[in-house]
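By convention here, the first residue in the shown sequence is residue 1. All heavy atoms count here, side chains included; hydrogens, waters and symmetry mates do not. This one's a predicted model, so the numbers in the text were calculated from it and none came from an experiment.
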Amino acid sequence: RFQIQRGKTDPTSYKSLGDCFRTIFQREGLLGFYKGILPPILAETPKRAVKFFTFEQYKKLLGYASLPPGLAFAVAGLGSGLTEAVVVNPFEVVKVTLQTNRSAFTEQPSSFVQARQIIKTDGLGFQGLNKGLTATLGRHGVFNMVYFGFYFNVKNILPVNKDPNLEFLRKFGIGLVSGTIASIINIPFDVAKSRIQGPQPVPGEIKYRTCFKTMATVYKEEG
């Protein structure tokens, strides 16, 4: 919701994260926090399978290119992220559409009805079920590039600990830092994706159309 709202001029904007939670709970009930939950659940298994399978395949292909290991991990991560994005983007479009519906959870359409409505109205292309694909490619590509590149490089630098508990903490810590850094770097793409896939400020008028133009607009208007 925070990514979709359009600055202080948005009449439905939230004042803070706490205000956002309170408003959703008051207007939409507890189930309002779980709007759009089905598309991510349906996408999770193929998403993970594609991510890790393609990462290994790209890593093997890059083995023939004689790249430094650190760079090879990052490029393989980028490739896996771009491939993953193509799989998950239609699910993201349905999810964002459901989450921006401010009706009560019981009053909004189901995920399948919403998907059919999007296809019927706008088709399967870049104005319909694959709207915002470029931003999704950026979001997943950048995240996986930074995550896998950082994780495997740091993991190989820090020595393995013989104590299983300390070894778990070592891997957990590296994964936590990798995910945090990757999220910080890729969040502009995520905001752009949400603006493009979410409702436009003026009905019938498309303000957020392409990834980088959306980023430029958000930067110009909101900093």
Side-chain angles (χ1 to χ4, degrees), residues 3 36-96 99 111 115 124-126 129-162 164-194 196-197 210-212 214-215:
Q3 292 174 345
I37 188 64
L38 185 58
I41 290 175
L42 294 176
E44 195 61 29
T45 298
K47 169 186 169 182
R48 298 297 174 187
V50 168
K51 178 201 285 275
F52 291 104
F53 174 77
T54 56
F55 175 73
E56 293 299 327
Q57 298 309 307
Y58 287 130
K59 194 168 65 172
K60 289 178 182 178
L61 289 173
L62 291 167
Y64 297 105
S66 300
L67 292 176
L71 181 59
F73 285 130
V75 175
L78 174 63
S80 69
L82 295 175
T83 309
E84 176 189 23
V86 175
V87 174
V88 304
N89 192 67
F91 296 92
E92 287 290 318
V93 171
V94 177
K95 181 193 77 170
V96 171
Q99 289 177 342
S111 298
L124 297 168
F126 297 133
L129 208 58
N130 273 291
K131 182 165 55 176
L133 178 60
T134 303
T136 307
L137 288 168
R139 182 181 78 157
H140 288 267
V142 169
F143 181 91
N144 285 357
M145 178 179 69
V146 175
Y147 181 85
F148 283 117
F150 186 90
Y151 181 84
F152 283 103
N153 279 290
V154 174
K155 182 183 172 187
N156 291 334
I157 293 172
L158 296 180
V160 176
N161 202 300
K162 293 182 180 179
N165 293 324
L166 293 176
E167 176 60 15
F168 167 78
L169 290 175
R170 181 183 78 98
K171 291 181 178 178
F172 178 83
I174 297 171
L176 180 64
V177 174
S178 302
T180 301
I181 294 174
S183 294
I184 291 171
I185 294 174
N186 92 321
I187 193 67
F189 290 96
D190 202 15
V191 172
K193 181 194 80 69
S194 297
I196 294 168
Q197 294 176 346
T210 63
C211 178
F212 293 105
T214 298
M215 285 185 183

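Considering all non-hydrogen atoms of both residues, Ala135 and Cys211 come closest at CA-SG, 3.8 Å. Heavy-atom minimum distance, Thr214 versus Ala192: CG2-CA, 3.9 Å. In terms of heavy atoms, Gly81 sits closest to His140 at O-CB, 3.2 Å. Met215 and Phe189 make their closest contact through CE-CD2, 3.3 Å (heavy atoms, listed as atom of the first residue, atom of the second, distance). When all heavy atoms are compared, the tightest approach of Ala115 to Val94 is CB-CG2, 3.9 Å.
Lys193 NZ to Glu92 CD: the interatomic distance, rounded to the nearest 0.5 Å, is 4.0 Å. With rounding to the nearest 0.5 angstrom, the CD1 atom of Ile196 is 10.0 Å from the CG atom of Leu133. Put simply, CD1 on Ile181 and CZ on Phe143 are 11.0 Å apart, with the number rounded to the nearest 0.5 Å. Atom CD1 of Ile37 is separated from atom CG of Leu42 by 10.0 Å, given to the nearest 0.5 angstrom. How far CG of Leu67 is from CG of Leu61: 11.5 Å, rounded to the nearest 0.5 Å.
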Item to complete: For Thr210 and Thr134, run side chain to side chain contact (heavy atoms under 4.5 Å, CB included): C-alpha distance rounded to whole Å, both residues' side-chain angles, the deciding distance at 0.1 Å, then the answer.
Response: CA-CA 8 Å; Thr210 63; Thr134 303; over 6 Å; no
Practice prompt. Take Tyr58 and Val75, measure what side chain to side chain contact (heavy atoms under 4.5 Å, CB included) needs, and give me the verdict at the end.
Written response: CA-CA 8 Å; Tyr58 287 130; Val75 175; over 6 Å; no
Practice prompt. Carefully, step by step, assess Val87 and Lys51 under the rule side chain to side chain contact (heavy atoms under 4.5 Å, CB included).
Written response: CA-CA 10 Å; Val87 174; Lys51 178 201 285 275; over 6 Å; no
Fill in: Criterion side chain to side chain contact (heavy atoms under 4.5 Å, CB included) on Asn144 and Leu82, from CA distance to verdict
CA-CA 9 Å; Asn144 285 357; Leu82 295 175; over 6 Å; no
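Asn186 places a side-chain N or O within donor-acceptor distance of the main-chain N or O of Arg139, the cut-off being under 3.5 Å. Counting only distance, with no hydrogens or angles, the side chain of Asn89 and the backbone of Lys131 share a donor-acceptor pair below 3.5 Å.
Between the side chains of Gln99 and Lys95, no donor-acceptor pair is found at a separation under 3.5 Å.
Side chains of Thr136 and Val86 form no contact here, defined as non-hydrogen atoms less than 4.5 Å apart.
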Please report, to 0.1 Å, the donor-acceptor pairs under 3.5 Å made by any side chain of residues 145-161, with sequence neighbours excluded.
from   : atom 1 : to     : atom 2 : distance (Å)
Asn153 : ND2    : Gly149 : O      : 2.4
Asn156 : ND2    : Phe152 : O      : 2.9
Asn161 : OD1    : Asp163 : N      : 3.0

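Within a 6.0 Å sphere centred on NZ of Lys171, other residues, nucleotides and ligands contribute 12 heavy atoms or fewer.
At a threshold of 4.0 Å, the pair Glu56-Lys60 does not count as salt-bridged, since none of the basic side-chain nitrogens sits closer than that to a carboxylate oxygen.
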